[in-house]
Colleague: 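Questions regarding the structure given below will be posed in turn.
We name chains A, B, ... by the order of the sequence lines, and we start the count at 1 in each one.
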There are 2 protein chains.
Amino acid sequence: MKHSRTAFVVLGMLAVEPRRSGYDIRKAIEASVGHFWGESYGQIYPTLKRLASEGLIEPVPSPRSKRRQEYCITEAGRVCLREWLALPFQNDRPRNEFLLKLFFASEVSPQVAIGHIRELQARNRRAMETMEQIEKLAPKMNAGNPGLPYWMLTLGLGMAMTRAALDWGQTALAELETLEGASGASVPAGHRT
Amino acid sequence: MKHSRTAFVVLGMLAVEPRRSGYDIRKAIEASVGHFWGESYGQIYPTLKRLASEGLIEPVPSPRSKRRQEYCITEAGRVCLREWLALPFQNDRPRNEFLLKLFFASEVSPQVAIGHIRELQARNRRAMETMEQIEKLAPKMNAGNPGLPYWMLTLGLGMAMTRAALDWGQTALAELETLEGASGASVPAGHRT
DNA sequence: CGTGGCATGTAAACGGTTACATGATTTA
DNA sequence: TAAATCATGTAACCGTTTACATGCCACG
């Protein structure tokens with residue numbers, strides 16, 4: 001009777017909007033909490049079965065297709081979700097491969113670190129753009145939805161942290177480019193610090 | 001012949017300083033990259049065995065104790081580490097339970113969200129303090145170490161993002177407290193901040 | 001003499017991803 | 001009618017955590 005966190009995202013997504021299929025739920029996760037959470041089908045479909053067998057969600061026939069299986073959250077499911085929401089959140093052990101490589105970067109040439117940071121900047125700029133799009137469109141598409149203020153808050157934290165990372169990247173690149181000049185192969189040996 | 005990322009942290013830690021034991025490595029990870037990476041003993045010890053059997057590290061007897069098993073990175077190990085460092089980094093799928101709970105917070109009372117944010121602020125303030133300590137002490141303890149500039153960069157990103165999160169938290173709390181007042185729920189005067 | 005830190009390990013269980021298999025339905 | 005997308009599912013595999021077991025060694 002213990003649930004993985006996948007179960008709660010699924011429950012949550014069905015609480016936000018009923019009559020979703022496994023496929024829908026995956027897409028909804030991608031589109032709404034994709035910046036900070038992900039799930040695969042291999043996780044979602046078994047979870048759906050399990051939640052249904054426990055009465056936390058209930059399968060309903062789809063008007064669109066016989067193949068498609070839609071679900072609704074039950075009252076028991078809502079209770080379960082609310083209990084979990086009120087529990088203290090746990091910090092997942094962070095795993096940032098970028099930072100790990102940067103940490104050991106003195107083993108390789110400064111260009112490697114510079115390359116990684118540039119790549120990070122590119123990814124963060126892209127992330128920033130999509131978040132800006134969402135920021136613009138979400139209020140219009142979800143006017144009146146009680147979830148909206150919270151959705152905007154999650155977006156706000158994502159944007160704030162991404163902005164901070166972008167700023168850091170800029171100064172970090174500047175720093176490394178001087179460091180590269182100081183120890184790089186293109187500089188005569190006598191000019192080293 | 002494919003290695004998990006655990007192998008590379010271990011290799012990296014032995015590249016930074018030789019003659020470390022599994023226990024040492026764990027502590028070193030905690031102390032230096034703990035903000036963005038973690039490993040458990042159940043992962044470290046088997047990895048050590050495997051790397052040794054592949055000749056990427058080599059066990060050396062300890063002068064301190066017969067029980068203690070120290071390791072050094074080999075030339076092959078260094079090559080392997082450098083290759084990995086140059087490879088593009090992968091973004092791990094982020095999993096932020098705090099944001100997930102905040103996203104679904106309209107299912108529960110605003111106080112729940114407020115409580116979570118306050119808790120986040122507390123954790124971030126603590127993290128900020130330890131990072132500030134490290135920022136102050138690291139340069140003195142590692143003067144001349146070629147890794148130092150990179151270590152400070154990783155610390156810098158951690159601090160920048162934590163600062164951004166702290167700022168966000170402040171405005172988010174302000175916002176939610178008005179939202180709480182607007183929805184009719186009265187708060188006893190003594191409970192306000 | 002006891003406590004806390006040093007030190008090494010393993011087995012079971014878990015959570016999760018990947019790759020694969022299959023086919024219906026919509027749209028260009 | 002071809003391509004894209006919708007849609008469901010599973011089995012194998014992997015990395016990781018947890019809990020447990022053991023015992024040394026230094027210090028107060």
Side-chain angles (χ1 to χ4, degrees), chain A residues 1-11 13-14 19-31 33-34 36-53 57 59-71 84 90-97 100, chain B residues 1-11 13-14 19-31 33-34 36-53 57 59-71 84 90-97 100:
Chain A
M1 266 295 187
K2 222 220 129 206
H3 296 94
S4 81
R5 291 175 307 171
T6 301
F8 295 107
V9 206
V10 168
L11 240 28
M13 285 300 163
L14 288 174
R19 299 196 140 273
R20 295 215 234 222
S21 67
Y23 190 83
D24 290 342
I25 290 171
R26 172 97 211 272
K27 275 203 305 153
I29 290 172
E30 206 84 327
V33 296
F36 54 86
W37 202 271
E39 293 292 347
S40 63
Y41 290 128
Q43 199 77 333
I44 289 172
Y45 284 113
T47 298
L48 245 13
K49 292 273 141 110
R50 192 171 167 223
L51 289 173
S53 83
I57 63 176
V60 295
S62 164
R64 282 157 60 181
S65 150
K66 310 113 243 321
R67 221 174 126 59
R68 178 182 161 87
Q69 181 58 262
E70 300 177 350
Y71 295 90
W84 177 75
Q90 65 172 104
N91 286 7
D92 299 87
R93 207 196 280 281
R95 288 207 133 188
N96 188 323
E97 195 177 300
L100 194 61
Chain B
M1 269 290 187
K2 224 221 127 203
H3 297 94
S4 79
R5 291 174 306 171
T6 302
F8 295 107
V9 206
V10 169
L11 239 28
M13 284 301 164
L14 288 174
R19 302 196 140 274
R20 295 215 232 222
S21 68
Y23 190 83
D24 289 342
I25 290 171
R26 171 98 211 272
K27 274 203 305 151
I29 290 172
E30 207 84 326
V33 296
F36 54 86
W37 202 271
E39 294 292 348
S40 62
Y41 291 128
Q43 197 79 333
I44 288 172
Y45 285 112
T47 298
L48 244 14
K49 293 274 142 113
R50 189 170 169 224
L51 288 174
S53 82
I57 63 176
V60 294
S62 165
R64 283 159 58 184
S65 150
K66 312 110 242 326
R67 217 173 128 60
R68 179 180 160 89
Q69 181 56 261
E70 301 176 350
Y71 295 90
W84 178 76
Q90 64 172 103
N91 286 8
D92 299 86
R93 207 197 277 286
R95 288 207 133 189
N96 187 322
E97 194 176 301
L100 194 62

Colleague: Holding to side chain to side chain donor-acceptor pair (under 3.5 Å), I want the full list of residues that pass it with R64(A), two or more places apart in sequence or in another chain.
Modeller: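 Scan of R64(A) (side chain to side chain donor-acceptor pair (under 3.5 Å), adjacent residues dropped) gives none.
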
Colleague: Strictly under 4.0 angstrom, non-hydrogen atoms only: write out the protein contact profile of nucleotides 23-28 of chain D, one letter per nucleotide from the 5' end, B, S or -.
Modeller: BSS---

Colleague: Between P46(A) and Q43(B), which is nearer to the 5' end of DNA chain D once each is assigned its nearest nucleotide?
Modeller: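 Looking at DNA chain D, the more 5' nearest nucleotide goes with P46(A).
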
Colleague: So, using salt bridge (Lys or Arg N to Asp or Glu O under 4.0 Å) as the criterion, who are the partners of R93(A) when residues are at least two apart?
Modeller: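 For R93(A) there are no salt bridge (Lys or Arg N to Asp or Glu O under 4.0 Å) partners, ignoring immediate neighbours.
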
Colleague: Taking atom P of dG9(D) as reference, at what distance in whole Å does atom OH of Y41(A) sit?
Modeller: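 Answer to the nearest Å: 12 Å.
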
Colleague: Rounding to an integer number of Å, can you tell me how far R68(A) CZ sits from dT5(D) C1'?
Modeller: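 Checked: the CZ to C1' distance equals 13 Å.
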
Colleague: Name all residues meeting the side-chain contact (heavy atoms from CB on, under 4.5 Å) criterion together with R67(B); count only those two or more places apart in sequence or in a different chain, and write none if there are none.
Modeller: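 Residues passing side-chain contact (heavy atoms from CB on, under 4.5 Å) with R67(B): S65(B).
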
Colleague: What contact category does G42(B) fall into here, base, sugar-phosphate, or nothing, at under 4.0 angstrom with non-hydrogen atoms?
Modeller: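 Here G42(B) touches the bases of the nucleic acid.
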
Colleague: Below 4.0 angstrom from OP1 or OP2 of dG15(D), is there any side-chain N or O of T6(B)?
Modeller: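 Result: no.
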
Colleague: Using side-chain contact (heavy atoms from CB on, under 4.5 Å) as the criterion, list what pairs up with F36(A), not counting sequence neighbours.
Modeller: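 F36(A) satisfies side-chain contact (heavy atoms from CB on, under 4.5 Å) with V33(A), T154(A), N96(B), L99(B), L100(B), F103(B) only.
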
Colleague: Hey, does S40(B) reach any base, or is it just sugar-phosphate, or nothing, if we go heavy atoms under 4.0 Å?
Modeller: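 Result for S40(B) = base.
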
Colleague: For I25(B) and dA7(C), give me the distance from atom CD1 to atom C1', rounded to whole Å.
Modeller: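 Nearest whole value for this atom pair: 13 Å.
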
Colleague: What residues form a side-chain contact (heavy atoms from CB on, under 4.5 Å) with T47(A), not counting sequence neighbours?
Modeller: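 T47(A) satisfies side-chain contact (heavy atoms from CB on, under 4.5 Å) with T6(A), A7(A), V10(A), L51(A) once adjacent residues are dropped.
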
Colleague: dG9(C), OP1 or OP2 - any side-chain N/O from K49(B) closer than 4.0 Å?
Modeller: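 Result: yes.
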
Colleague: Within the structure, does a side-chain N or O atom of Y45(A) lie under 4.0 Å from either OP1 or OP2 of dT8(D)?
Modeller: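 Answer yes for this pair, as a side-chain N or O of Y45(A) is under 4.0 Å from OP1 or OP2.
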
Colleague: Take the protein atom CZ of R26(A) and the nucleotide atom C1' of dG9(D), then report the distance between them rounded to whole Å.
Modeller: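 One finds 14 Å between C1' of dG9(D) and CZ of R26(A), rounded.
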
Colleague: Can you tell me if R19(B) uses its side chain to pair, donor with acceptor, with the backbone of Y71(B) under 3.5 Å?
Modeller: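 Not confirmed, R19(B) side chain does not pair with Y71(B) backbone.
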
